[in-house]
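For this chain, numbers begin at 1 and follow the sequence in order.
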Amino acid sequence: MPILSIGAIAVSSKGEFIRGLYNIKPIHFGNVVTMGSFDGVHLGHQAIISQLKAQAQGLNLPSMVMIFEPQPHEFFAGDKAPARLMRLGEKIHALFEQGVDRVLCLPFNHSLSSLSAADFIQQILIDALGVRYLVVGDDFRFGSGRSGGYSDLVAAGEEQGFDVTDTQSFLIDQQRVSSTLIRDLLQQNDFAQAAHLLGKPYTISGRVVKGQQLGRQLGAPTANVHLHRYRSPLAGVFAVLVELATGEVVQGVANVGVRPTLGGDAKAILEVHLFDRNDDLYGQNIIVEFKHQLRQEKRFESLDALKRQIQEDIVKARHYFAH
């Protein structure tokens, strides 16, 4: 499935994306629901989704994952929030790949954050969605001040006629699988263990945009991708594999950062140089898999020094793939 162009309602062969309660239609009433940030859609999230789908199949009802944008901690902390593993489009794609029927994205704003736990249950779960069965993670909190929890949902379900079940923490090697743990592993350059917890290699995907075209002057033309997040979980120069829109996979080197030698950017950007290629990738979607960190990003005293370092990075990345 191509990366979604996210509108109010988008239907694909994989599932249906709904943005905002105002786009809920009568046909959307009656669901088996889970909710949360689902950043990374890692193995712990996948365990919740498996339980969700099993309950939906048993009740012959659609499965729905409710997510929030921005993620709640981003709303409260802004650019001081933990780096997100996935932008919204990547998350929706990953949820549909797990077999979810519907993804509902609610804008997390002052109005939603101010709802009491009781109002959240009544206005969203009952009145808007007609929830029939609810699956929640063992640490899920909701409502103003994170005042609501599992016991509140169970009590509401007993009163309103829907069932609620919680899921236990998903452990690997006695460690709870979490987005926080995966972020830590990525920062430690442990891509193998991060992939183990994610259930697949860590990637960043997006549409190639026009940059300053300085890469050609530096001897390494790049494809630039905006990260669409407050902060990136990665920073530095990496050996990468790049899947092109054609499905072809190409080796390369990538920089994730603010390009301090070139004046600096307000937000980090992903720049990818493909080995032995000169494709025109503008407007195309690419998927970048991170394999190994070569170095941290730093400021050089001149463009010539940066140019020499880029060539060294390319040599090191080629050596990595050769071994």
Quick one: are [X] and [Y] in side-chain contact, heavy atoms under 4.5 Å?
X    : Y    : answer
I121 : F142 : yes
Q122 : D127 : yes
L112 : I124 : yes
I286 : L244 : yes
Q46  : L43  : yes
N31  : L104 : no
R231 : R183 : no
L95  : I67  : yes

Considering all heavy atoms of both residues, which atom of [X] and which atom of [Y] are nearest to each other, and what is their separation?
X    : Y    : value
L234 : Y202 : CD1-CE2, 3.8 Å
C105 : F17  : CB-CE1, 3.6 Å
A254 : V240 : CB-CG1, 3.7 Å
A317 : F275 : CB-CZ, 3.6 Å
A223 : V208 : CB-CG1, 3.9 Å
S178 : L181 : OG-N, 3.1 Å

Problem set entry | Pair L281-L274, side-chain contact (heavy atoms from CB on, under 4.5 Å): steps then yes or no | CA-CA 11 Å; L281 300 178; L274 306 181; 3.8 Å; yes
Exercise. Centre of Y282's six-membered ring, under 6.0 Å away, within 45 degrees of the axis: is that where NZ or CZ of K210 sits?
Worked result: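 Verdict for Y282: a cation-pi partner in K210.
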Is the side chain of [X] donor-acceptor paired with the backbone N or O of [Y] at a distance under 3.5 Å, no angle test?
X    : Y    : answer
K307 : S302 : no
R207 : N285 : no
D79  : Y230 : no
N109 : S111 : yes
N189 : Q293 : yes
R87  : S205 : yes
S232 : A268 : no

Is the [atom1] atom of [X] crowded by more than 12 outside heavy atoms at less than 6.0 Å?
X    : atom1 : answer
Q57  : CD    : no
R102 : CZ    : yes
H292 : NE2   : yes

Nearest 0.5 Å, what's the [atom1]-[atom2] distance between [X] and [Y]?
X    : Y    : atom1 : atom2 : answer
K298 : L306 : NZ    : CG    : 10.5 Å
S63  : Q98  : OG    : CD    : 11.0 Å
D304 : Q309 : CG    : CD    : 13.5 Å
I204 : I287 : CD1   : CD1   : 12.0 Å
I24  : L129 : CD1   : CG    : 5.0 Å
I48  : F140 : CD1   : CZ    : 10.0 Å

Exercise. Are E90 and R84 within salt-bridge range, i.e. N to O under 4.0 Å?
Worked result: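 Here E90 does not pair with R84 in a salt bridge, since their nearest N and O are not under 4.0 Å apart.
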For this session: Report yes or no: do E16 and H28 form a side-chain donor-acceptor pair below 3.5 Å?
Result: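 Side-chain D/A pair, E16 to H28: present.
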Exercise. Would you say the side-chain atoms of D163 and T165 include a donor-acceptor pair closer than 3.5 Å?
Worked result: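 There is no such pair between these side chains.
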Do [X] and [Y] share a hydrophobic cluster (ILVMFWY, side-chain heavy atoms under 4.5 Å, transitive)?
X    : Y    : value
I172 : L186 : yes
V315 : F238 : no
I314 : F321 : yes
V100 : F29  : no
Y320 : V249 : yes

On the 0 to 90° scale, with breaks at 30° and 60°, tag the [X]-[Y] ring pair as parallel, tilted or perpendicular.
X    : Y    : value
H228 : H226 : perpendicular
F76  : F108 : perpendicular
F191 : F290 : parallel

For this session: Using the side-chain contact (heavy atoms from CB on, under 4.5 Å) rule, take L125 and L153 through it: C-alpha gap first, then chi angles, then the decisive distance, then the call.
Result: CA-CA 10 Å; L125 297 179; L153 296 169; 3.9 Å; yes
For this session: Apply salt bridge (charged side-chain N to carboxylate O under 4.0 Å, His left out) to the pair K200 and E97, showing each step before the final yes or no.
Result: CA-CA 12 Å; K200 63 178 183 179; E97 286 295 306; over 6 Å; no
Exercise. Could you walk me through whether I92 and R19 pass the side-chain contact (heavy atoms from CB on, under 4.5 Å) check?
Worked result: CA-CA 11 Å; I92 296 165; R19 186 192 283 272; over 6 Å; no
For this session: Might you work through the side-chain contact (heavy atoms from CB on, under 4.5 Å) test for Y133 and L59, ending with a clear yes or no?
Result: CA-CA 9 Å; Y133 200 106; L59 294 171; 3.9 Å; yes
